[in-house]
Every structure is written in structure tokens, then in C-alpha cells.
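Notes to accompany the following structure.
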Amino acid sequence: MRQFQHYIGGTFSDGATQFDSRDPATGAVWAKMPEARAIDVNAAVKAARTALLAPDWANMTATMRGKLLYRLADLVAENAHSLAELETRDTGKIIRETSAQIAYVADYYRYYAGLADKIEGAHLPIDKPDMEVWLRREPVGVVAAVVPWNSQLFLSAVKIGPALAAGCTVVLKASEDGPAPMLEFASIFDQAGFPPGVLNIVTGFGPECGAVLTSHPEVDHVAFTGGPDTARHIVRNSAENLASTSLELGGKSPFIVFDDADIESAVNAQVSGIFAATGQSCVAGSRLVIADKIKDEFLTRLIEKANEIVIGAPDDPQTEVGPLCTQAQLAAATELVSDSIVAGATVLAGGQPLDRDGNYFPPTIIDCSKAPNAPCLTREAFGPILSVVSFETEAQAVQIANDTAFGLASGVFTKDLTRAHRMIRNLKAGIVWVNTYRAVSPIAPFGGHGLSGHGREGGLQAALDYTRVKSVWLRTSDDPIPDPFVMR
Ligand code: NAD
């Protein structure tokens, strides 16, 4: 049985108590995880606050912070294989995906390493002749980062990278589901040479750990990725410390295919958009919005591909769809399909859990043409479940696509350039992919609005969001201060 530990103040420690972690592929307990309670969270925040003020971090040049991040990136790349294996073991995410994603996580750290000494202030052309005024960008302070189970190494990198580049310190709460890769990452981070307490990693449950962390009086900013219901707790928690928040939440993203699209390419992108990561992706293209004229041909090809998908053990390199992370996810997927059938929807592929050990749910396609109120059109599945609706006109496509409280991602497939531009303008989403889907990069901002949250991860803006601006006024005149009763 593997045992994992917390990482607080540069040392490894057990939690207040422990909990079991189950292998999603078998359901068997395979590891003991430390469980953080208030005592551990307080220690982690104290370590982060101490590190923030300690000269070896506070006075470190931005260039040196960048060098440490480069070293971390190299260590992540060197250890990508073992990190991928651990993430696959603890979350059920398939090894094909974890291997590729963790290699790319190293590039995210490299991007923010390079950015560390390019976070510039500004000099202002102030409207007073005897003043020099400039803006300093200073670290926002202690960051509480809270992540869900899916892609934890990735979702953490988009917080830890920019936060450390900006000079902040971080307490990261790994998800209680599948925390192993983050706790292992701590030992890799430890070798990079950062001062103790700059990054602290704990895991535990929402009320006992997450709530204590995000409402902690010594936390300045909360960077959260998870579901909208938890985000409401986060916002309420931050009423205690008045910390700023960034929220990366879920989605019900439309995948729109016009009748002039390259069908083969669109079908492949739809397979990737909804069935990759077993659908446990915030940007899952979970609503196919398809032109009436090509609906039958498109669905025939899609169903054929869905039925050919290799479902299997997540550590098998041949596997394309693995188990869902938790039994609760499996139950939620099952319920979503049965609720949608009750609402009049028709299952075209999959639809029921597989009769085998582990949390296996097959690629599922549901036609909602006759069920406009089917819950699978509005409720985030976070599983391999695709809902289908069709349209006749471009205006209808936009109306259907935007008929959601979420606003994270969208995909448009068309060869018509002017239509593509109109769709880009009209779609209510933080990301529009045209003739592609599920592409990400450290260079491009990522995030949404509405129930999908606010704030952006990735790109320069993310690093700026971990800073606050200080306005500095310096008087250059030796003359006595004029009338003290008039504001200058
Ligand atoms: P979740 O909201 O249940 O949990 C996320 C994290 O919040 C966990 O670490 C959990 O322990 C913690 N938490 C729970 N209650 C808390 C509380 N009261 N205070 C503080 N922290 C608390 O999310 P999940 O179900 O684990 O993950 C799936 C969700 O994450 C989906 O909605 C998905 O779309 C979203 N997601 C979004 C993105 C994005 O970048 N936009 C990426 C991945 C996942």
C-alpha cells in the first residue's frame, strides 16, 4: 500500500488523519492519503506567509525566479513518465493522455519561467510638471489554489507557474479524488531549489480543508478550478478574507457543424471533443449542434467511430476510453442518461455502465431532437455523453449554441470564411475553435464567463493577475509645497 504525505514549509509530513484512495479501474484501495484538517491548513498558510516575506524569496530577482522555474520544468520533463503513471493509477485518466499532457506541463512551466522577468510596471506621463509617477507590479501575496481531480498536474501548473513567476507563494489543495500525482509532484518541486514554503501542497475534503484554506485570513487570492456549486462556496468563503478570486468552472460547450464542413475532420474532432479524457474535461464539446442536411450522414459516421472506441484499463497504451474517476461520477452519468430518456431523448450509442469492475461508462450519444428539455442539454455530464440537436439556419445554430448558462468553449466547423467570422463574433464563449477542437497552449488565455467563471489562465494576462499595482509618486521639485489645503 503506497503512503503519501503533505508538503508544508519544505518538509514532508503526515496529515491530521488519513483516507483511502481507490483505483478507478478496479475499485480497490491502493494508497493511503494524508487528510488535511485546519491544523495542517494553518501550518501551510503560515509557511506560505513566512516564505512570502523572507528575504530569500522576497528579494530574489525575477530572473532568478525564472531560473528556478526552468529547473522545475526540466525536472517535470525528466519525471514525466512516473508522474503520468501515478495520475493514471489514481484518477483512471488513460496513459496515452497523461503521458502527452505531462510532457506539455513542462512547457507551461517554461513559458512562465521566461515570463518572470518580463512582468513590467509602467511610467506614467503624469499631468504635473514636478512629479515622477510610475507603477510597480508586486506579487498579490499568498495564493490558495484549489483543483479538481481531472488533469491536476496541468490545472496546478497554470496556477503555480504564473503565481511563482509573479513572486507569490502558494498553498495548493489537491483534490481528494486522485491526489497522488500532486503529492508526488511535491517531491519533484522540492529538488528545484525554491526556498521552503514557496509552494505547499496538501489534500483533503471540501469543508474540512478547502473551506478553511479559502477563507483563511492570511490568504490574498484564491485560484479555483471546479464545479459551479463549489465555486459558490468559494465566493462565500472569500467573504471572510476578501481575497480576490479567479474561477475556472464547467461548461456545456456547443460543437457546431455546418453542412459545408469537412465531415471526416469534424467527426474526428467531435470524438476527441467528447470522448477523450472519458468526457471528464471542462471544455468537452458535449452538445453537437448539427446542420439538418448532414445530420444522418454525420451521426452514422460518429456512431460507427464511437462503437469502435477501445474501452479498457487506463494503463494500457491501446485504451482510448478508461474508467470515470469516481463511483459518484458513474452514478451521475447513469442518472443523466435515464433522466434524459424520461424527457423524451433517444439513446443512439452506449447509455449504460459496463458490466465489469471499475467505473466504466461507454461513449454515449443521445438524440434530443424531440426532447428540447432533456437534462443532458443543460446539465454538465463530466462523462462521455454527447447530446445532439439539429438546426436549419445559421441564426438557429447561434441561438441553440448560446442557450446555456455556461460560457467556456465552442467549436465551429465550416469552410465558409465569412460565416466563420460571424460565428466567432456571435458565440457566447471564452474560447472559439474553428475547424479544430480541444487545443490549448501556455501562450493562449483560457477561461470563460457566466457559470463557467471568471479570470483567465495561460498567457501573459494570467501572470499579471497574480500581481497588484502600486502607484508611486515622487516629487522632483525642491520648492516648498504650495497651498496645503488644495489637493495636488
Ligand atoms: P468540485 O467543485 O467538486 O471540487 C473541486 C475542488 O474543490 C476539490 O479540490 C474539492 O475538494 C474542493 N472543494 C469542495 N468543496 C469545497 C469548499 N466548500 N471550499 C473549498 N474547496 C472545496 O469539482 P470536481 O467535481 O472535483 O471537478 C469537476 C468540475 O471541475 C467540473 O465542473 C469541471 O467542468 C470543472 N473543471 C473546470 C476546468 C476549467 O479550467 N474551466 C478544468 C477542469 C475541471
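For ligands, and for the atoms within them, numbers begin at 1 and follow the listed sequence.
In this model, a donor atom of one side chain and an acceptor atom of the other lie less than 3.5 Å apart for Ser21 and Asp90. Side-chain contact annotation: Asn200 with His6, donor-acceptor N/O pair under 3.5 Å absent.
Scanning for side chain to side chain contact (heavy atoms under 4.5 Å, CB included) contacts around Leu354 gives Ile311, Arg356, Tyr360, Pro362, with sequence neighbours left out. For Ile39, the side chain to side chain contact (heavy atoms under 4.5 Å, CB included) partners at least two apart in sequence or on another chain are Ala16. Scored by the side chain to side chain contact (heavy atoms under 4.5 Å, CB included) test, Asp107 finds Tyr104, Arg110 as partners (sequence neighbours excluded).
Between His221 and Tyr466, the ring planes lie perpendicular to each other; the angle is over 60°, past the 30° to 60° tilted range.
Within 4.0 Å of ligand 1, counting heavy atoms only, the contacting residues are Val146, Val147, Pro148, Trp149, Asn150, Leu155, Lys173, Ser175, Glu176, Gly206, Gly210, Ala211, Thr214, Phe224, Thr225, Gly226, Gly227, Thr230, His233, Ile234, Asn237, Glu248, Leu249, Gly250, Cys282, Glu380, Phe382, Leu408, Phe446.
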